[in-house]
Structure formats: structure tokens, C-alpha cells
Novice: 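Below is the structure I would like to discuss, written out as C-alpha cells.
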Protein chains: 2
Amino acid sequence: MSVQGSHGHSHGKGPQSLRLTKGAKKVLEVLERTDELSSAQDIHSALRNEEDSPPGLTTVYRSLESLVQLGLVQSVDFGDGERRYEMVKPGEHHHHLVCEKCRNSVHLDQCLVQQLEESIQAKYKFEVRGHILEIFGLCEQCQQAMATAGKK
Amino acid sequence: MSVQGSHGHSHGKGPQSLRLTKGAKKVLEVLERTDELSSAQDIHSALRNEEDSPPGLTTVYRSLESLVQLGLVQSVDFGDGERRYEMVKPGEHHHHLVCEKCRNSVHLDQCLVQQLEESIQAKYKFEVRGHILEIFGLCEQCQQAMATAGKK
DNA sequence: TTAGTAGTGAAAACGGTTTTCATTTGCTGC
DNA sequence: GCAGCAAATGAAAACCGTTTTCACTACTAA
Ligand SMILES: [Mn+2]
Ligand SMILES: [Mn+2]
Ligand SMILES: [Zn+2]
Ligand SMILES: [Zn+2]
């Protein structure tokens, strides 16, 4: 659970439908065929380039909301104000190593926080329900590139 | 990280001066006297309530930027679109357990990621430079409150 | 004083996201 | 087929934290 609702300021409103609407299916299709993280707008413009009557941006957002609730998609927060999405194994989640230079990211295979939940629960009596964790730095290639060129 | 002297030239754009300007000092004062995380606007309105000529919101943002660069303040991202700030021991940082109900947060005393850096570096050849980590859930009080009342 | 530089703030711009609301779709039972 | 209804949709507007712009003020050095 890469937690936490959308862009803050909206307490109102209830969830979305938890069905795969027509729009949601199209959104899912886009996510199905990329390993990369995609923003809502990425998805929207991908659809505009291939569908004859693509869903509007609003529908993309709504679809993503349901897909996340269904556990088919996770939303990832790099703290840059743009939320990104990707398919996950149903109900699972993972975190990333994000290269600050080339912006590629490694999908970690296990959650580093889950293993800590127990001890957090024990030590702080805190019931963990979700978390944000993303790690930034330089991938191997970029380290080398910067070593040969002048540091940056 | 470019440092800079009292009167420098380096401009470029982005970063701010790394001096404690008048405005930055006021911002720091506000942060000094609370354990809570404060948003830029929190700080701004605190200053408006006590200063006769308080710094503008723009200056608050700029001050926070320098204070963060100086390592005196950390910015914390809960993924809700509003960045929060708090004083830290110079150069250090920490993470939080954030109660989703009462919104209070526990300041963790050690960083869970730093201890993993070495193994990440070894396994992925990834040079860790930073990370986001915040944990959400229910604090002890809120767990009890919800146990007595109807679940939520 | 006189430059030149750094700091400031009001207002406007920005940009991702959410709301609004009128319209369209997809059903249900006739 | 045809009402009648609820869910889904999308264009446009609103939202809101943050950043940019730009004119102005306060310092500082000579
Ligand atoms: Mn991933
Ligand atoms: Mn803290
Ligand atoms: Zn995790
Ligand atoms: Zn840390």
C-alpha cells in the first residue's frame, strides 16, 4: 500500500465504483504494457494516440482511483507533485530506487517496511496501515557517466 | 551543493542564499517552538498573528528552502500535496508514524533506510542520496477510541 | 553618497488534481 | 420496441499549494 489519498485537499466524497468500467479497462490496458511508471496525463495522452474516442482526463483519474482500490494498480509518490501509477500483482505493492539523473527506476522485489511493522507495532503500539517509501540516488550507469564527465 | 559567501555572485536560479536572512530567522523561530510539523502557510499565519510586519508568504517559502539546504530544517512529505517542515538536529533527519485519525505523529528516533543503504548499494549498485519514508496508521489512543465506538 | 547586490512581497502564473454539472450510456422491466 | 433510472462520462471551471515575475527596498562596500 503506497498509501495516502490523492492530492490532499479532498475530504469529501466517497469512493468510486469498484467495477471495471469501460474507461478503467482502457486505462488498465495502457498500464499493462509498460514497466514504467505512468502519470495520469501520460496515460491520457497514450490513449489519445490510439483510441478513436479516448476517455477524458477526468475518467482516467476516476479509473485510476478504482483500480487502486481494487488493488490492481498502485500509486507511487516521488514527492514531485505528480502521482504515478503502475500495475501490481493484485493486492501487492513495492517500492523503487529512482535515479535522480536518468529518472529510471528499479522496482524492488520486497517491501522494506512490512518487515518492520511488527517491531513498530510492539515498540510504539502503532497500527501500521500504509506507508510511503521511495529511494532516490544514482543508478550504476549514471554514476559512471558522471565519473567520466565532470562531476555534477 | 554550492555554498556561498556573504555576497556572492553565483546566481543561476534555483537555490536561495544560504544565509539566515531576516525572514529566515523569523521562520526558524516559529519552528523552534513547536514539536508539530508546520506547513508554509501555518508558519505564515503564525507570523501574521505576532509580527507587526511579518514576512510575506513568498519569503516564507524562500526561507524554508534555505533552511532546508542549511540542514537546520527538514521538509516532510505525507503525500497529501502539502509539504510540512520542522527543525532537526543540524544535518540529521528522521521519519514519522502518522495517525490517520488524529493526525498526530511520532517522530522516529532512527532512520530505517540508512541502515539499508549499504545492502542496497551492494545489491543494486545504486548510490543512495535520499529517500521519502512516512508510515501511516493508527496511534494507540485512536485504536482504543475506535474500539469503543463503532469501527470506522 | 553612490553604486551594486541581496532580500522582499503583491500579484500573477503554474500544474496536477478535483468538482461541477449537463449529457450520454447501459440497463431494467414493460 | 419504449419509458424510466442509475451509473458513467467529459468539458470546463474551480481548487490550492507552490513558483515565478518584477518592481521596489534595505544592505554593504568603497
Ligand atoms: Mn514499480
Ligand atoms: Mn519529526
Ligand atoms: Zn511497502
Ligand atoms: Zn531516512
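In what follows, every chain begins at residue 1, and chains take the letters A, B, ... in the order their sequences are listed. Keep in mind that this is a model prediction, so the values were computed, not measured.
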Novice: Roughly how many Å is it from NZ in B/Lys25 to P in D/dC27, rounded to a whole number?
Specialist: 11 Å

Novice: Can you check the A/Leu57 CG to C/dT17 C1' distance for me, whole Å?
Specialist: 8 Å

Novice: If you look at every strand shown and take non-hydrogen atoms under 4.0 Å, does B/Thr21 touch a base, only sugar-phosphate, or nothing?
Specialist: sugar-phosphate

Novice: May I ask you to decide if A/Leu138's main-chain N or O and A/Gln143's side chain share a donor-acceptor pair within less than 3.5 Å?
Specialist: yes

Novice: Donor-acceptor pair, B/His107 side chain versus B/Asp35 backbone, under 3.5 Å?
Specialist: yes

Novice: Starting from P on D/dT19, measure out to CZ on B/Arg62 and report it in whole angstrom.
Specialist: 11 Å

Novice: Could you tell me whether a side-chain N or O of A/Thr34 sits under 3.5 Å from a main-chain N or O of A/Leu31, the two making a donor and an acceptor?
Specialist: no

Novice: Looking at A/Arg33 and A/Glu50, does any basic side-chain N land under 4.0 Å from a carboxylate oxygen?
Specialist: yes

Novice: Which nucleotide in the set D/dT18, D/dT20, C/dT20 lies at the smallest distance from any side-chain heavy atom of B/Ala40?
Specialist: D/dT18

Novice: Rounded to the Å, how far apart are A/Tyr61 OH and C/dG16 C1'?
Specialist: 5 Å

Novice: Rounded to whole angstrom units, what separation is found between the CD atom of B/Gln41 and the P atom of D/dC16?
Specialist: 10 Å

Novice: Whole angstroms only, please: what is the CZ-P distance between A/Arg84 and C/dT17?
Specialist: 9 Å

Novice: If you check the B/Lys22 side chain, which of D/dA11, D/dA26, C/dG9 turns out closest?
Specialist: D/dA26

Novice: Whether the side chain of B/Arg19 and the base of C/dG7 hold a donor-acceptor pair under 3.5 Å is what I'd like checked.
Specialist: no

Novice: Can you tell me the distance, in whole Å, between the CD atom of A/Glu82 and the C1' atom of C/dC14?
Specialist: 13 Å

Novice: Just how far, in rounded Å, is C1' of C/dG9 from CD of B/Glu51?
Specialist: 15 Å

